[in-house]
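Computed over heavy atoms, backbone and side chain alike; hydrogens, waters and symmetry mates excluded.
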Amino acid sequence: MNPAAENADPPVFITVGPGESSRRIAVRARPGHPPGLFWLGGFNSDMKGTKALALDAWAAGRGRACVRFDYSGHGESGGRFVDGTISRWLEESVAVFRQFCRGPQVVVGSSMGGWMALLLARALLDEPAEATLAGLVLIAPAPDFTEELMWKGFSPAVRTEIETNGVWMRPSEYGEPYPITRALIEDGRHHLLLGGAIKIGCPVRILQGAQDPDVPWQHAFALTHRLPAEDVVLTMIQDGDHRLSRPQDIARMLAAVGEMG
């Protein structure tokens, strides 16, 4: 999709959260037939990324419904990134799903979005919505990343800075340094999944790059062992990085989505 077409498609906004904690969330919902597609982006990413736009264009070409949104503190949504936690972003994910999705949905989650997709699936098992899950497509999924891929790998000096000052500015290969807060780390511990079996109630396809420096392939492998054995497929892309945004990676993502109906 070209930038002009994207800019001609302004988002709608919903308010999530009570009182002073409310956030204005930007949503783009393409009407179409089911199974619909529901995009969950990564940490410090937004709904205008390469994979999200490719998914939306694929849906448009097939008359499929597609919903994308930005977490608070991301993209076009309100709120500050530094205030973000897994609980807040999950609350937003569930709210957008319940308000905009109807019928069977294929949820596509990238990196942190993979964690969100699994948490969303669990939330829907506890309290069903009008929409149901036809399947999950997880791209370099990062469940428990705040603990397993951040906190456990931080140096004592970084841990001390987070505990003392409440925040550490983490350098990034993709842009400016970004904040890792004590609230993010501590809140993440309430949503850890890898310590036991993960019930989701639908098929799962996982795409993982073996050269991923941010989410090691062993993390995806560990996830598969926590999922039900039936209809879970892990595809290891030997030369793949974390973003998995090359044309051949996009094609694999769309093929996985197509498998779900």
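In this view, H191 satisfies the ring pair (Phe, Tyr, Trp, His ring centres under 6.0 Å) rule with no residue, not counting sequence neighbours. When the side-chain contact (heavy atoms from CB on, under 4.5 Å) test is applied to T160, the partners found at least two apart in sequence or on another chain are T164. Residues satisfying the side-chain contact (heavy atoms from CB on, under 4.5 Å) test with S21, not counting sequence neighbours, are P18, R23, R88. For F97, the ring pair (Phe, Tyr, Trp, His ring centres under 6.0 Å) partners at least two apart in sequence or on another chain are F38. Checked against side-chain contact (heavy atoms from CB on, under 4.5 Å), V232 has the following partners two or more places apart in sequence or in another chain: V204, L227. With sequence neighbours excluded, no residue forms a side chain to side chain donor-acceptor pair (under 3.5 Å) with E161. Partners of F221 by ring pair (Phe, Tyr, Trp, His ring centres under 6.0 Å), not counting sequence neighbours, listed by chain and number: H225. With sequence neighbours excluded, no residue forms a salt bridge (Lys or Arg N to Asp or Glu O under 4.0 Å) with D241. Among residues two or more places apart in sequence or in another chain, the salt bridge (Lys or Arg N to Asp or Glu O under 4.0 Å) test is passed with E163 by none.
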Output a table of donor-acceptor pairs, distance under 3.5 Å, between side-chain atoms of residues 128-140 and any protein atom two or more places apart or on a different chain; print 'none' if there are none.
{"from": "E130", "atom 1": "OE1", "to": "R102", "atom 2": "NE", "distance (Å)": "2.9"}

Can you list the steps and then say if L118 with L223 is a side-chain contact (heavy atoms from CB on, under 4.5 Å)? CA-CA 10 Å; L118 295 165; L223 170 60; 3.8 Å; yes
Assess whether side-chain contact (heavy atoms from CB on, under 4.5 Å) is satisfied between L119 and R122, documenting all intermediate values. CA-CA 5 Å; L119 292 171; R122 188 171 68 175; 3.4 Å; yes
Using the rule given for side-chain contact (heavy atoms from CB on, under 4.5 Å), can you reason through L90 versus M116, listing the C-alpha separation, both sets of side-chain angles and the distance that settles it, and then say yes or no? CA-CA 6 Å; L90 176 61; M116 288 292 156; 4.0 Å; yes
Go through V27 and F100 one step at a time and tell me if the side-chain contact (heavy atoms from CB on, under 4.5 Å) criterion holds. CA-CA 9 Å; V27 183; F100 290 90; 3.9 Å; yes
For side chain to side chain donor-acceptor pair (under 3.5 Å), just list the numbers for S45 and H74, CA-CA rounded to whole Å, side-chain angles, deciding distance to a tenth of an Å, and then say yes or no. CA-CA 7 Å; S45 183; H74 292 66; over 6 Å; no
Show your working on salt bridge (Lys or Arg N to Asp or Glu O under 4.0 Å) between D9 and K48 and close with a plain yes or no. CA-CA 12 Å; D9 175 29; K48 290 186 178 181; over 6 Å; no
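Pairs of residues two or more places apart, or lying in two chains, that qualify as side chain to side chain donor-acceptor pair (under 3.5 Å) and include a residue from residues 244-256 are K51-S245, D239-R246, R246-D249, D249-R252. Judged as a ring pair (Phe, Tyr, Trp, His ring centres under 6.0 Å), the pairs with a partner in residues 115-138 (not counting sequence neighbours) are, in order, W115-F145.
Side-chain contact between D214 and L149: absent, with no pair of heavy atoms (C-beta onward) separated by less than 4.5 Å. Here the side chains of R205 and E259 are in contact, with some heavy-atom distance below 4.5 Å. Inter-residue side-chain proximity for R98 and E127 is flagged as met; some heavy-atom pair is nearer than 4.5 Å. Considering only heavy atoms from C-beta on, I185 stays 4.5 Å or farther from T181 through its side chain. Side-chain contact between W89 and S72 is present, with heavy atoms from C-beta onward closer than 4.5 Å. The shortest side-chain heavy-atom distance between P179 and V82 falls under the 4.5 Å cut-off. Q211 has its side chain within reach of Q238: a pair of non-hydrogen atoms, C-beta onward, lies under 4.5 Å apart. In this structure, P228 and K199 have side chains that are not in contact, with every pair of non-hydrogen atoms separated by 4.5 Å or more.
When all heavy atoms are compared, the tightest approach of A220 to L234 is CB-CD1, 4.2 Å. Taking both residues in full, the closest heavy atoms of A59 and A65 are given as CB-O, 4.3 Å, listed atom of the first, atom of the second, then distance. Between P141 and Q208, the shortest heavy-atom distance links the atoms CD-OE1, 3.9 Å. The two residues D46 and G75 have their closest heavy-atom pair at CB-CA, 3.9 Å. Residue F13 comes nearest to A26 through the heavy atom pair CE2-CB, 3.5 Å, listed as atom of the first residue, atom of the second, then distance. Considering every non-hydrogen atom in both Y71 and G113, the closest pair reads OH-CA, 3.8 Å.
Proximity of a side-chain donor or acceptor of R30 to a complementary backbone N or O of R68 within less than 3.5 Å is not detected. A distance-only check finds no donor-acceptor pair linking the side chain of H219 to the backbone of E148 [under 3.5 Å].
Hydrophobic cluster membership differs between V67 and L55, with clusters built from Ile, Leu, Val, Met, Phe, Trp and Tyr side chains linked at under 4.5 angstrom. No continuous path of hydrophobic side-chain contacts links I237 to V215 [ILVMFWY only; heavy atoms under 4.5 Å]. Using a 4.5 Å cut-off between side-chain heavy atoms of Ile, Leu, Val, Met, Phe, Trp and Tyr, with links allowed through other members, L40 and I198 fall into the same hydrophobic cluster. Hydrophobic clustering places V94 together with V12 (ILVMFWY residues linked when any side-chain heavy atoms are closer than 4.5 Å, directly or through intermediates). One hydrophobic cluster holds both L244 and V106 under the rule that ILVMFWY side chains link at heavy-atom gaps under 4.5 Å.
One distance of note links CD1 of I180 with CD1 of I162; it measures 7.0 Å at 0.5 Å rounding. Of the inter-residue distances, the one linking I86 atom CD1 with R189 atom CZ reads 12.5 Å to the nearest 0.5 angstrom. Distance check, rounded to the nearest 0.5 Å: OG of S93 to CE of M112 gives 7.5 Å. Taking SG of C202 as the start and CE of M260 as the end, the distance is 7.0 Å to the nearest 0.5 Å. The CD atom of E92 sits 7.0 Å away from atom OG of S77, with the distance rounded to the nearest 0.5 Å. Rounded to the nearest 0.5 angstrom, I250 CD1 and M253 CE are separated by 4.5 Å.
Between F81 and F43, a ring centre-to-centre spacing shorter than 6.0 Å is recorded. The aromatic ring centroids of F154 and W168 lie less than 6.0 Å from each other.
Of the charged side-chain nitrogens involved, none lies within less than 4.0 Å of a carboxylate oxygen, so that R182 and D187 do not count as a salt-bridged pair. Residues D56 and R28 are not paired through a salt bridge, judged by the lack of any N-O separation under 4.0 Å between the basic side chain and the carboxylate.
Donor-acceptor pairing under 3.5 Å is lacking for the side chains of H190 and S87.
Note that R170 lies outside the cation-pi zone of Y178, set by a 6.0 Å cut-off to the ring centre and a 45° limit from the axis.
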